[in-house]
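The structure under discussion appears below in the form of structure tokens.
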Amino acid sequence: TRTGIDDGHDQDETLQVWERSSKGKFVNGKFVNVDTMHMEGIFRAKELGLAESGLADVVFSPSPPVASILFDLEHQARFFALFL
């Protein structure tokens, strides 16, 4: 998500996990430094080898067909959807 590239992490040249504490913000936890909510971020995640890295347990994307390029037969994904 966008949170993954906060604080300049969109400029990182390698995949990294970073942790955010809830210092006044509503989001806390561990994040990989990619933004899979946008096509450019998905392409960057593919280039950096997100699926192969094993760093992410969950990948969020509003575009599953585009996000599917992250995965291959050796690094598969499971799809789930939430409809409101």
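Below, each value reflects all heavy atoms present in this structure, side chains not excepted, and no hydrogens, waters or symmetry copies.
- Once rounded to the nearest 0.5 Å, the distance linking CD of Glu52 with CZ of Phe71 reads 9.5 Å.
- Taken from CG in Leu70 to NE2 in His75, the straight-line distance is 12.0 Å, to the nearest 0.5 Å.
- Of all heavy-atom pairs spanning Phe60 and Met37, the tightest one is O-SD, 3.7 Å.
- Looking at every heavy atom in both residues, Leu15 comes nearest to Asn33 through CA-OD1, 3.3 Å.
- Atom CD1 of residue Ile69 and atom CE of residue Met39 lie 8.0 Å apart, to the nearest 0.5 angstrom.
- Looking at residues two or more places apart in sequence or on another chain, you find a side-chain contact (heavy atoms from CB on, under 4.5 Å) between Phe79 and Pro64, Ala81.
- Closest non-hydrogen pair, Val34 versus Arg44, comes out as CG1-NH1, 3.6 Å.
- Through ILVMFWY side-chain contacts below 4.5 Å, Phe83 is grouped with nothing and stands alone.
- Without hydrogens or angle criteria, Thr36 side chain to Ile42 main chain gives no donor-acceptor distance under 3.5 Å.
- Counting heavy atoms from C-beta on, the side chains of Phe43 and Glu47 never come closer than 4.5 Å.
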